[in-house]
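Contents: one structure, followed by commentary.
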Amino acid sequence: MDIIDFAPEVFLEEKYNPQQVELKWQGYWTKKGLHKTVFDPLRKKFYCLEMFPYPSGEIHMGHVRNYAIGDVVARYKRMRGYNVLHPMGWDAFGLPAENAAMKHGVHPAEWTYKNIRYMKNQLNRMGLSYDWEREVTTCSPEFYKWNQWFFIKMLERGLAYRKISFVNWCPSCVTVLANEQVIDERCWRCESIVVQKELEQWFLKITDYADELLKGCDELKGWPERVIAMQKNWIGRSEGVEVNFSIVGLDENIRIFTTRQDTLFGATFVCIAPVHPLAEKLVSDKKALEELKNRYGKMGEKTGFFTGFFAINPMNGEKIPIYVANFVLIEYGTGAIMSVPAHDQRDFDFAHKYDLPIRVVIVPEQQSSVNTLSLTLPPRGGGQGWGGDSELRTPNTNPPSPPFTKGGQGGITEAYEGEGILVDSGQFSGLRSDVARERISQFIEERGIGKRVVNFKFRDWGISRQRYWGTPIPVIYCEKCGVVPVPEKDLPVILPEDVKFTGKGGSPLVESEKFLNTDCPLCGGIARRETDTMDTFVDSSWYFIRYCFKKGDIDLDSELRTPNSELKYWMPVDQYIGGVEHAVLHLLYSRFFLKVMRDLGLIDLNEPFQNLLTQGMVIKDGAKMSKSKGNVVDPNHLIEKYGADTLRLFSLFAAPPEKDLDWSDQGVEGAYRFLKRLWGIAYKNRDKLQVTSYEYNDIKSLPLTDYASRLLRKTHQTIRRVTIDIEREYHFNTAVAALMELVNEIASYEPEKEEDWTILRFAIENTLILLSPFAPHIVEELWEVLGNKPSMFEHRWPDWDEEIAKEEKIELVIQVNGKLRSRLLISHSISDVEIKEMALQQGKIKDIVGNKTIKKVIVVKGKLVNIVVGD
RNA sequence: GCCGGUGUGGUGGAAUUGGCAGACGCGCCGGACUCAAAAUCCGGUGGGGGCAACUCCGUGUGGGUUCGACUCCCACCACCGGCACCA
């Protein structure tokens with residue numbers, strides 16, 4: 001895109017032509033290097049960060065909104081005197097580049113860099129004030145080298161490790177699939193059913209930081225509530241106990257985990273996951289076990305079978321059957337559970353299906369006084385006893401009759417999962433659930449049959465990807481030495497270019513002989529490289545660190561260790577802005593990475609992002625804009641038709657940033673109209689305005705007419721409103737509304753005397769300054785039209801004068817019994833007592849009050865009078 | 001199921017955090033300019049009643065607190081988002 005050479009003395013067309021205006025000023029800003037960051041430890045800093053885009057090819061409306069918001073913040077803070085870091089970059093590794101390679105035969109690198117060039121132009125065309133000297137491109141070796149370096153540091157600390165894990169595998173394409181490539185359990189290309197395949201993969205031990213990541217949530221004061229909630233939920237901490245149930249006839253224990261120790265006496269069977277290590281030992285029918293494994297982890301009907309073995313409940317010595325069940329997860333807790341059908345719906349369903357006994361041990365507190373004897377229910381009449389799915393049951397293990405007393409006919413239709421009073425629980429009967437949990441935990445620990453534990457839902461972060469377009473994992477496998485990290489001096493491990501994209505096989509890097517075969521760094525013997533690449537979330541977990549330094553091939557390690565490095569100055573990020581879709585993974589990983597960096601002694605911080613703004617989606621016709629829905633709006637077209645200022649203004653005005661934005665073509669027209677109107681006013685009056693001048697401090701003492709002082713007051717009020725709206729909560733929509741009000745007032749203003757013109761100039765200039773973060777190009781042009789020197793961004797944000805902004809007269813509302821009945825215009829100096837009198841003296845109020853008794857009169861300063869009357 | 005969010009005119013959204021509900025924009029209606037249209041400008045615009053001054057109703061529903069509730073409390077309904085066989 002061409003940039004018009006700046007020619008300050010030449011004014012543009014009289015008609016508002018956004019293309020001309022915008023290219024002129026974008027050229028000027030670039031030429032003057034206005035957006036460049038200068039490291040100056042003496043100035044107060046502000047790090048404004050927006051989530052960097054994936055270079056998919058084109059900027060979409062979500063980006064427009066995100067970056068318009070970020071740019072307002074950055075420009076506003078600069079005008080407030082902050083030294084602002086406002087960088088941008090590219091999340092450049094990832095699957096779409098490989099897909100493009102397969103589809104069009106273009107190399108992922110070529111495709112990616114082409115997209116970056118194009119999108120960078122688009123961003124510049126929006127007038128975004130980025131410092132491109134700090135541009136980060138994650139697919140460049142000078143960036144990903146440090147991914148590898150961090151990985152090695154984590155490996156040294158035991159924070160990176162290998163374990164066997166499952167991947168999605170398409171048997172027909174013979175390849176590993178990313179989660180996004182699996183659609184309804186089928187391969188995205190050939191639609192065959194995807195299966196799970198075991199592979200040895202690399203993991204980062206994020207769970208080591210589970211507690212800290214959770215506790216840290218409460219310190220994230222500048223984060224939205226909902227994001228905090230999502231993170232906490234994701235981490236999913238729960239306190240409970242692990243208890244050993246010994247297996248009858250074997251010298252083994254089944255260790256179970258529960259958070260409901262209070263229901264231990266109600267356990268009537270034990271379930272283990274089909275992939276539990278003990279399953280192989282306990283189950284003789286291997287075929288049935290295999291079949292069950294296929295149903296493992298799938299939502300739907302709970303199914304399983306009796307193993308033929310029994311366990312002893314250590315609380316009451318009861319002998320209860322051991323089942324294998326598909327709904328028991330191996331990844332959580334111990335992979336084995338005690339089943340309490342009376343108080344857990346899943347166990348209830350299972351017990352119901354297989355006619356297992358249900359024993360009530362908790363009753364709701366209100367009901368605890370009723371007779372709770374004989375609450376144990378018998379198995380369903382006519383049942384098979386200790387059964388199982390006929391097709392899954394092991395034929396030669398006939399379970400004995402249940403060891404429970406047959407009781408009354410009470411019918412339970414669902415589990416009672418709430419808390420209450422314990423019954424039928426030995427020495428713990430009569431206790432409240434919470435007390436019982438504590439006592440039972442003690443009991444278990446004293447007896448050595450178990451211990452208190454804390455479990456987390458979230459798992460370690462699997463970073464291995466069997467893909468090409470990512471950071472090579474810097475590890476070498478040697479026949480003699482085993483797993484050997486690539487020495488730091490050999491970094492980066494460069495991604496080879498001689499790889500074909502066939503869509504077949506495992507990791508594409510296996511195909512590059514040159515890459516694959518290497519020497520062992522320890523013994524020099526024959527070795528091969530790891531061919532998996534890293535999850536691209538690794539890149540985004542620390543890219544904001546890299547922005548703290550200029551781009552290029554720097555030695556990040558020594559930069560980080562320099563005492564007063566730029567890192568120390570810029571971090572943490574003061575304001576982070578991006579979509580909620582990253583509320584969990586990206587933001588959690590970034591927090592984790594920073595804590596690791598801290599523990600490596602590289603940074604003295606606990607959290608990376610002080611304030612977080614999650615902007616809403618851009619919606620059209622009731623749905624998120626997407627190609628598949630065909631409801632996308634192309635920013636290019638809008639910029640061509642209306643210009644970037646209009647596009648920015650609309651996306652800021654249409655809704656507060658955190659809410660979803662409903663796209664409206666007419667709304668865009670409205671924003672455009674507003675700018676045209678402002679342009680027209682400035683041009684119409686430019687001759688008179690250019691020769692007017694004022695000193696800010698003298699304005700107060702000018703002899704002003706009523707209408708001139710009204711405009712002056714409105715201007716100060718607008719400065720106040722816009723400033724407060726931006727500062728508090730970033731309510732840009734109301735800030736813009738306030739500016740529209742001011743422009744409306746300016747439009748109807750008719751100056752006559754010299755002072756009137758002075759005030760008009762003051763009002764227009766302040767409008768321009770206040771509008772500048774939102775629509776930066778048009779204001780620069782009009783600033784110049786008024787006879788000022790560019791750039792107006794070197795102008796400080798204005799202050800308002802509370803005295804001038806104050807209304808001369810206050811309009812009070814008069815209510816009778818809370819209903820609006822009349823109004824009263826008063827001046828500031830009038831006392832409450834006088835106000836009360838004036839209100840009561842009003843003819844209308846007198847009529848309404850009549851001869852009713854006045855019980856009370858409430859006077860709220862500057863607001864209203866409420867007269868409370870009786871009958 | 002659990003967690004979180006939202007509910008205000010025809011429409012996007014305001015309401016200084018308990019004090020004039022509907023700012024500002026869009027749309028619509030009327031008018032000016034024009035041969036005409038577009039653009040622009042001016043006026044009107046929550047609903048009902050009244051010629052009118054006015055008046056009654058009105059912030060998802062039902063209750064409550066209060067002189068006063070879109071705002072606070074309780075119960076419920078609807079929609080959206082996240083997690084989900086997590087024991």
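Only heavy atoms go into these numbers, but all of them, side chains included; no hydrogens, no water, no symmetry mates. Chain letters run A, B, ... following the sequence lines, proteins first, then strands; residues in each count from 1.
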Say we look at B:U59 and B:A21: how far apart would their C1' atoms be, to the nearest angstrom?
7 Å
For A:Thr263, is there any backbone N or O sitting under 3.5 Å from a side-chain donor or acceptor partner on A:His343?
no
Donor-acceptor pair, A:Arg459 side chain versus A:Lys457 backbone, under 3.5 Å?
yes
Assess whether a salt bridge exists between A:Glu438 and A:Arg452, defined as any Lys/Arg side-chain N lying under 4.0 Å from an Asp/Glu carboxylate O.
yes
Determine the Euclidean distance between corresponding C1' atoms of B:A14 and B:C20; express it in Å to zero decimal places.
14 Å
Decide, for B:U17, between syn and anti: a glycosidic angle within 90° of 0 counts as syn, anything else as anti.
syn
Check ion pair A:Lys714-A:Glu741 (N to O, under 4.0 angstrom)
yes
Any heavy-atom pair between the side chains of A:Ile726 and A:Phe732 that's under 4.5 Å?
yes
Using a heavy-atom cut-off of 4.0 Å across all strands, would you classify A:Ser339 as base, sugar-phosphate, or nothing?
nothing
Using atom P of each nucleotide, how far apart are B:U40 and B:A52 to the nearest Å?
33 Å
Assign each of A:Glu811 and A:Glu729 the nucleotide of RNA chain B bearing its closest heavy atom; nearer the 5' end lies the nucleotide of A:Glu729
A:Trp663: partners by ring-ring contact (aromatic ring centres under 6.0 Å, His included), with sequence neighbours left out:
A:Phe650
Just the rounded figure in Å: distance from P of B:U16 to CD of A:Glu802.
17 Å
Can you check the A:Phe257 CZ to B:A87 P distance for me, whole Å?
6 Å
Could you tell me how far B:A36 sits from B:G43 if I compare only their C1' atoms? Round to whole Å.
24 Å
State plainly whether the residues A:Arg226 and A:Glu658 are in salt-bridge range, i.e. N to O under 4.0 Å.
no
Which of residues 324-335 of chain A have a heavy atom under 4.0 Å from RNA chain B?
A:Asn326, A:Phe327, A:Val328, A:Leu329, A:Tyr332
Output one line per pair: protein atom, nucleotide atom from nucleotides 54-58 of chain B, and distance, for all N/O pairs under 3.5 Å.
from: B:C57; atom 1: OP2; to: A:Lys819; atom 2: NZ; distance (Å): 3.3

Distance, rounded to the nearest Å, where A:Asn866 contributes CG and B:C67 contributes C1'
5 Å
Between P on B:C20 and CD on A:Glu807, what's the gap in Å once rounded to a whole number?
16 Å
Considering residues at least two apart in sequence or located in another chain, which fulfil the ring-ring contact (aromatic ring centres under 6.0 Å, His included) criterion with A:Tyr642?
A:Tyr672
Sequence neighbours excluded, which residues qualify as side chain to side chain contact (heavy atoms under 4.5 Å, CB included) partners of A:Leu820?
A:Val813, A:Arg823
Determine whether a donor-acceptor pair (N or O, by modelled atom type, separation under 3.5 Å) exists between the side chain of A:Arg677 and the backbone of A:Asn744.
no
List for me each residue that meets side chain to side chain contact (heavy atoms under 4.5 Å, CB included) alongside A:Leu612, sequence neighbours excluded, and say none if there are none.
A:Trp223, A:Pro224, A:Val227, A:Tyr576, A:Leu587, A:Thr614
Test item: side-chain donor near acceptor, A:Asp725 and A:Thr734, under 3.5 Å
yes
Assign each of A:Gly236 and A:Glu669 the nucleotide of RNA chain B bearing its closest heavy atom; nearer the 5' end lies the nucleotide of A:Glu669
Protein-nucleotide distance (A:Phe458, atom CZ; B:C83, atom P), rounded to Å
15 Å
Can you tell me, in whole Å, how much space there is between the P of B:G19 and that of B:A69?
11 Å
Involving RNA chain B, stems made of at least three consecutive Watson-Crick or G-U pairs, both distances under 3.5 Å
B:1-7 with B:77-83, B:10-12 with B:24-26, B:27-32 with B:40-45, B:46-49 with B:54-57, B:60-64 with B:72-76
B:C28 to B:C33 separation - P atoms, rounded to the nearest Å
22 Å
Can I get a per-line list of side-chain donor-acceptor pairs under 3.5 Å for residues 331-341 of chain A, giving both atom names and the distance, sequence neighbours left out?
from: A:Glu331; atom 1: OE2; to: A:Tyr296; atom 2: OH; distance (Å): 3.1
from: A:Tyr332; atom 1: OH; to: A:Ser238; atom 2: OG; distance (Å): 2.8
from: A:Thr334; atom 1: OG1; to: A:Arg255; atom 2: O; distance (Å): 2.6
from: A:Thr334; atom 1: OG1; to: A:Ala336; atom 2: N; distance (Å): 3.4
from: A:Thr334; atom 1: OG1; to: A:Ala336; atom 2: O; distance (Å): 3.2
from: A:Ser339; atom 1: OG; to: A:Asp347; atom 2: OD1; distance (Å): 3.3

According to ring-ring contact (aromatic ring centres under 6.0 Å, His included), who are the partners of A:Phe456, at least two apart in sequence or on a separate chain?
none
A:Gln815 (side chain) and B:G19 (base): donor-acceptor pair under 3.5 Å:
yes
Give me syn or anti for B:G9, where syn covers glycosidic angles within 90 degrees of 0.
syn
Pull out every protein N or O sitting under 3.5 Å from an N or O of nucleotides 40-46 of chain B, one pair per line with the distance.
from: B:C41; atom 1: OP1; to: A:Arg677; atom 2: NE; distance (Å): 3.4

P atom, B:G4 versus B:A39: distance in rounded Å?
49 Å
Could you check how far CZ of A:Arg728 sits from C1' of B:U16, rounded to whole Å?
7 Å
Any chance CD of A:Glu803 has more than 12 other-residue heavy atoms, nucleotides or ligands included, within less than 6.0 Å?
no
Expressed as a whole number of angstroms, how long is the span from A:Lys863:NZ to B:C67:C1'?
16 Å
May I ask you to decide whether A:Lys624 forms a salt bridge with A:Asp660, counting only side-chain N to carboxylate O separations under 4.0 Å?
no
Just the rounded figure in Å: distance from C1' of B:C85 to CD1 of A:Ile337.
9 Å
Using atom C1' in both nucleotides, what's the gap between B:C26 and B:U45 to the nearest angstrom?
13 Å
Residue A:Ser238, side-chain atoms from C-beta onward, closest of B:G27, B:C83, B:A87:
B:A87
Go through the structure and list residues passing ring-ring contact (aromatic ring centres under 6.0 Å, His included) with A:Phe327, not counting sequence neighbours.
A:Phe350
Nucleotide-resolved protein contact map, nucleotides 2-14 of chain B, B/S/- at heavy-atom distance under 4.0 Å:
-SS-------BSS
Is there a side-chain contact between A:Thr303 and A:Tyr354, using heavy atoms and a 4.5 Å cut-off?
yes
Mind checking A:Asp347 for me? I need base, sugar-phosphate or nothing, with any heavy atom below 4.0 Å counting as a touch.
nothing
Suppose we call a contact any N or O donor and acceptor under 3.5 Å apart; does that hold for the side chain of A:Lys856 and the base of B:C67?
no
